[in-house]
Amino acid sequence: MTSRETARSRSGPEDASHAPGYEVAGGYELHVNGTTRTVEEAWLGESLLYVLRERLGLSGAKNACEQGECGSCSVLLDDVVVCACCVLAVDAIGSHIETIEGLTRREAAADVQAALLSAGGVQCGFCTPGFVVAVYDLLRRRPDAGELEVREALSGNLCRCTGYGRILEAVRMVQEERSRVAL
Amino acid sequence: MSRSSAPVATRPAARTRPRAGIGADAARPDGVPKVRGEFAFSSDLWMDGMLWGRTLRSPHVSARIVAVDPSPALAIPGVRAVVTAADVPGRPTYGLEEPDQPVFASEVVRYHGEPIAAVAADHPETARAGVRAIEVVYEPLEPVVDAERALRAPPLHPDGNLFRHLVIRHGDLDATGDVVVEGTYEVGMQDQAFMGPESGLAVPADDGGVDLYVATQWLHVDRDQIAASLGLPAERVRLHLAGVGGAFGGREDVSLQIHLCLLALGTGRPVKMVYSRDESFFGHVHRHPAKMWFRHHATRGGDLVKVEARIVLDGGAYLSSSNAVISNAACFAPGPYKVPNALIDAYAVRTNNPPCGAMRGFGSVQVCYGHEAQMDKLAAALGMDPVELRLHNALERFDRLVTGQVLTGTVPVRECIRAAMAHPLPPAPSLLDPPMARPGGAGLSADHADVRRGVGIAVSLKNVGYSEGFDDYATARVRLEAGVGGEPVATVVAATAEVGQGFVTIAQQIVREELGVADVLLAPAGTTDIGSAGSSSASRQTWMSGGAIQLACVAIRRQLIARAAASWGCSHASVEWDAGEAVHEGTGERRGLAALLADGAVEAEHEHHHRPTVPLDADGQGDAHLSVMVAAHRAVVDVDPGLGLVKVVQVTTGQDVGHALNPTQVTGQIEGGIAQGVGLAVMEEIVLDEGRVKNPSFTDYLVPTTLDMPAVAATFVEEPEPDAPYGAKGVGEPPVISSGPAVLAAIRDATGLALTRAPVRPEDIALAGQST
Ligand code: FES
Ligand code: FES
């Protein structure tokens, strides 16, 4: 008996994407990283995170908990950081979505990314895109945030590898460099 | 970060040491894609026409399975396959040490969350609906969730309830001391809580085999377990390492691997599976909870005379790596101290709790809570300073462990303690501190007047690598050739799992150091092209895979020297290697890599075995360990005793690293390990109710955030380890071992409470002495 025969396979159309009901007729559009993307045949219950990662090929936002507890899925929704796992994709219709891929492309967080690397703030890297988005957002709102404020602002982003020391160091480095350049 | 003045390993006298060689803060080769969100983790994989897999897990802790009917699931449009135990064509069980764990439970369920079936469907939500539709008839049984009770209970499994009983008898068992202290201690169940959920993609192949892209710690041992259960020859099960989002021991056991392959082979289509966070809590083994009794004997002068201990580790429903964990717990039960006489009685037991196995610091973490609390108790009984007592009894090189093994490597216990203590203490808590900095932080925060400061120290000892006669090895192949433009390029092939620890950086640094080549490529890790690298666990990969790469480079150098000797018509002996060039000792003539590689590429493979170890004998005696690592931690805490709130303010450490091959990465390991140690001390625990997991989410299982994490100051104690490549010991585990016990000691110091259980919960402090 080969393993191929052991599973109880069900014959059926190989092509149709059988989402569990409530497909959105004709699909819908999302504005992502400055372009309009069409989402076809999606189930209404899909999170923004799922649609970005699995339908639009933007897997930079991560899926560590899908419960709004870790920040690995952070994206900007109309310029506000949200957990993409907690937003229904269809609720983002008409909004501007920016992901780590978009920030990277327009080099908006290049110094944050470089500092994370040189400070040693990246180990497994699963939390990293979320931290890049969170630090980018924090430092444009509060460029001079003190250590406690930085810690509080980043406390929604979990990292299991680094103990945060090198990540906080990277934030300090960016703050220093930006204030040096501003002088 | 500072470094001790101890000597560092001697390095080859290279004229122009390549930048980013050994000892440099070389950059991670995977760093740029990781910060750009472009690194492909195992949950990022995608393939045309792929299906989604999901697992049905038992809602019961212990039950008989009367019937499993997948037909309602198969009736759902979009559900493509359901696999159960009946569909496992090969060995129905798997396991790291012994195959005692069913791929799918068929007759009995032995723990909450045990897999019963797996579903493949067109959409993850359809797969979820399929899982819900499978009809299972259970007959719930009374679970056995207490390890002591399990020792006397009817067997929960044909292999019985005792995984391993290990006794260490050392010296004079009748010896007694002038001063005797005893205590019982408890450690809760910790989760690895890596951020990247278990995930992978299985792709059926034309040869009837399967390609599995998966995040794991040990590709070859996964492959062997998968192949056995699929009933396929190993070469038709090809594993490829997908991006790993952390591991910490939690990916050492098989989780979804076999299920995924069964679904892919069963449907003939690629299948992807990603555990949700709650499933991840059920899908991997945890740190063993421990119950321990210790009795320490000492002379009035403070010399340890004897340590007695009884250690019971709850291994949960299946064996996993319990044998290795209990061995460490027994061998290192006395901690890093000279103990002439010892009687250690250690048990790893099967229960109906979730299976426990490898987690960073395995075995040493649990006993450290016991031996360090005992050292403080002993110091109090002797009227001695706890630091002094530790320094006084510290193990030194050529001392013996309680296993009788003479420690021939470096054992800088005193240096680590002094380094941890040498860091300045943080300023005292002040009325001016913002509320956020007080115990309770952003939420319920303490009044300054109620805050008590405490300081504690703890020291630990653990083995590097695998012990007890296991023939541990790692394989690596290095190829050196002229690349585009004639520049030499080296390629490393190894099945070593990069799990975040930075092995990829170290691999490049070693090749740069040995061959003087700047450009070092790393081939993707997999099982198809190279032998086993062993597991990325037990702090072993720098020593083992690093050693294999180094020795492969040495073999390449030998071949290059032979080429140079041939071209000069001289003997090999008269050619030296210096700074990436062959040098004729007689004429001083030099030949660089470009010239030497003109005749084609050079390649060498090496299988690196470490010095053999031996099994422990009936008295727990024998040279069972390759080497040991030491760490000392000092913790400073602020506590509000009324509210039971703890703020860990600072942790300082001296860590025995041998030689820091990449100081930034060592710092990262130290800080990350301390976070997990602090977590176990004050917040992390899988809460069980009669075997049922109560908190499988990051909402309820708390891992430290930026606000929980104390300031860390680390000193590397660098005394090169004689046997190890470049003198480097492992660095991953020690930070997690004694950091937690130091925090407990500090809370005891602040509150005067006994606090014998980790993690310390608010009620343990606030309600101490009250019957609840
Ligand atoms: S994945 Fe969205 S918060 Fe964790
Ligand atoms: S680097 Fe691994 S979770 Fe942050």
Side-chain angles (χ1 to χ4, degrees), chain A residues 1-4 6-10 12 14 16-20 43 45 50 53-54 57 59-67 69-70 72 99-101 104 113 116-118 120 122-129 132 148 150-152 154-166 168, chain B residues 27-28 31 34-37 39 41 43-44 70 74 77-83 87 89 122-123 125-126 129 193-197 208 230-231 244-246 262-263 265-268 276-277 434 436-437 442 499-500 502 664-665 667-668 671-672 674-675 697-699 703 705-707 709 712:
Chain A
M1 179 172 72
T2 71
S3 56
R4 194 178 283 265
T6 59
R8 299 180 185 108
S9 294
R10 176 181 187 276
E14 293 293 309
S17 173
H18 284 289
W43 174 49
Y50 180 86
R53 290 173 50 78
E54 303 294 341
S59 58
K62 295 290 172 251
N63 54 339
C65 76
E66 299 188 80
Q67 284 178 319
E69 290 290 348
C70 77
S72 73
T99 69
I100 179 75
E101 289 90 346
T104 299
Q113 290 165 316
L116 278 168
L117 289 178
S118 59
V122 179
Q123 289 187 30
C124 84
F126 206 82
C127 67
T128 308
V132 171
L148 258 188
V150 171
R151 283 186 185 249
E152 191 194 11
L154 300 181
S155 64
N157 291 72
L158 297 180
C159 173
R160 190 55 161 169
C161 300
T162 66
Y164 309 106
R166 309 294 87 215
L168 294 169
Chain B
R28 298 184 66 101
K34 282 178 175 175
V35 295
R36 294 168 63 93
F39 183 81
F41 289 93
S43 51
D44 298 335
L74 291 163
V79 170
R80 303 291 174 175
V82 178
V83 288
D87 304 307
D122 295 347
H123 188 280
E125 205 53 36
T126 313
F194 40 71
M195 286 296 123
L230 296 181
V244 184
L262 285 169
L263 289 172
L265 291 168
T267 58
S276 61
R277 180 51 57 180
M436 188 91 73
V499 297
T664 296
Q665 288 197 171
T667 303
E671 291 173 342
I674 287 173
S697 74
F698 285 156
T699 313
V703 309
T705 69
T706 42
L707 285 174
M709 192 54 194
V712 171

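Predicted, not measured: the structure shown is a model, and the values here were computed from it.
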**Asked** What are the two closest heavy atoms between B:G37 and A:P129, and how far apart are they?
**Response** CA-CG, 4.0 Å
**Item:** When B:G502, B:G231, B:G672 are compared by non-hydrogen pairs under 4.5 Å with chain A, the top option
**Value:** B:G672
**Message:** Give me the atom names and distance for the closest heavy-atom approach of A:I100 to B:V35.
**Reply:** CD1-O, 3.7 Å
**Asked** Which atoms of B:F41 come close to chain A, meaning under 4.5 Å heavy atom to heavy atom: side chain ones, backbone ones, both, or neither?
**Response** side chain
**Message:** Is any side-chain heavy atom of A:K62 closer than 4.5 Å to one of B:D44?
**Reply:** yes
**Request:** Using the test ring-ring contact (aromatic ring centres under 6.0 Å, His included), find all partners of B:F698 that sit at least two apart in sequence or belong to another chain.
**Result:** none
**Request:** Go through the atoms of B:T699 and report whether side chain, backbone, both or neither lie under 4.5 Å from a heavy atom of chain A.
**Result:** both
**Prompt:** Contact part of B:A27 toward chain A, heavy-atom cut-off under 4.5 Å: side chain, backbone, both or neither?
**Reply:** neither
**Request:** Indicate the atoms forming the closest heavy-atom contact of A:N63 with B:P197, along with that distance.
**Result:** O-CG, 3.6 Å
**Message:** Taking every non-hydrogen pair under 4.5 Å, which of A:T99, A:N157, A:L168, A:L154 racks up the most with chain B?
**Reply:** A:L154
**Nearest non-hydrogen partners of A:R166 and B:T667, listed with the distance** = NE-CG2, 3.8 Å
**Asked** Does A:T162 have any side-chain contact (heavy atoms from CB on, under 4.5 Å) partners at least two apart in sequence or in another chain, and if so, which?
**Response** A:Q123, A:C159, A:I167
**Prompt:** chain A heavy atoms under 4.5 Å from B:V703: which part of the residue, side chain, backbone, both or neither?
**Reply:** both
**Prompt:** By a 4.5 Å heavy-atom criterion (distance strictly below it), what part of A:V132 contacts chain B: side chain, backbone, both, or neither?
**Reply:** side chain
**Message:** Please rank A:G165, A:A64, A:C127 by heavy-atom pairs under 4.5 Å with chain B and give me the top one.
**Reply:** A:A64
**Asked** What class does the angle between the rings of A:Y50 and B:H123 fall in, given that below 30° is parallel, 30 to 60° is tilted and above 60° is perpendicular?
**Response** tilted
**Prompt:** Are B:S43 and A:F126 close enough that some pair of their side-chain heavy atoms sits under 4.5 Å apart?
**Reply:** yes
**Item:** Minimal non-hydrogen separation, B:G246 against A:C124, with atom names
**Value:** N-CB, 3.3 Å
**Request:** Look up atom OG in A:S72 and atom CE in B:M195, then write down how far apart they are to the nearest 0.5 Å.
**Result:** 8.0 Å
**Prompt:** Does A:Q113 reach the side chain of B:R36, with side-chain heavy atoms less than 4.5 Å apart?
**Reply:** yes
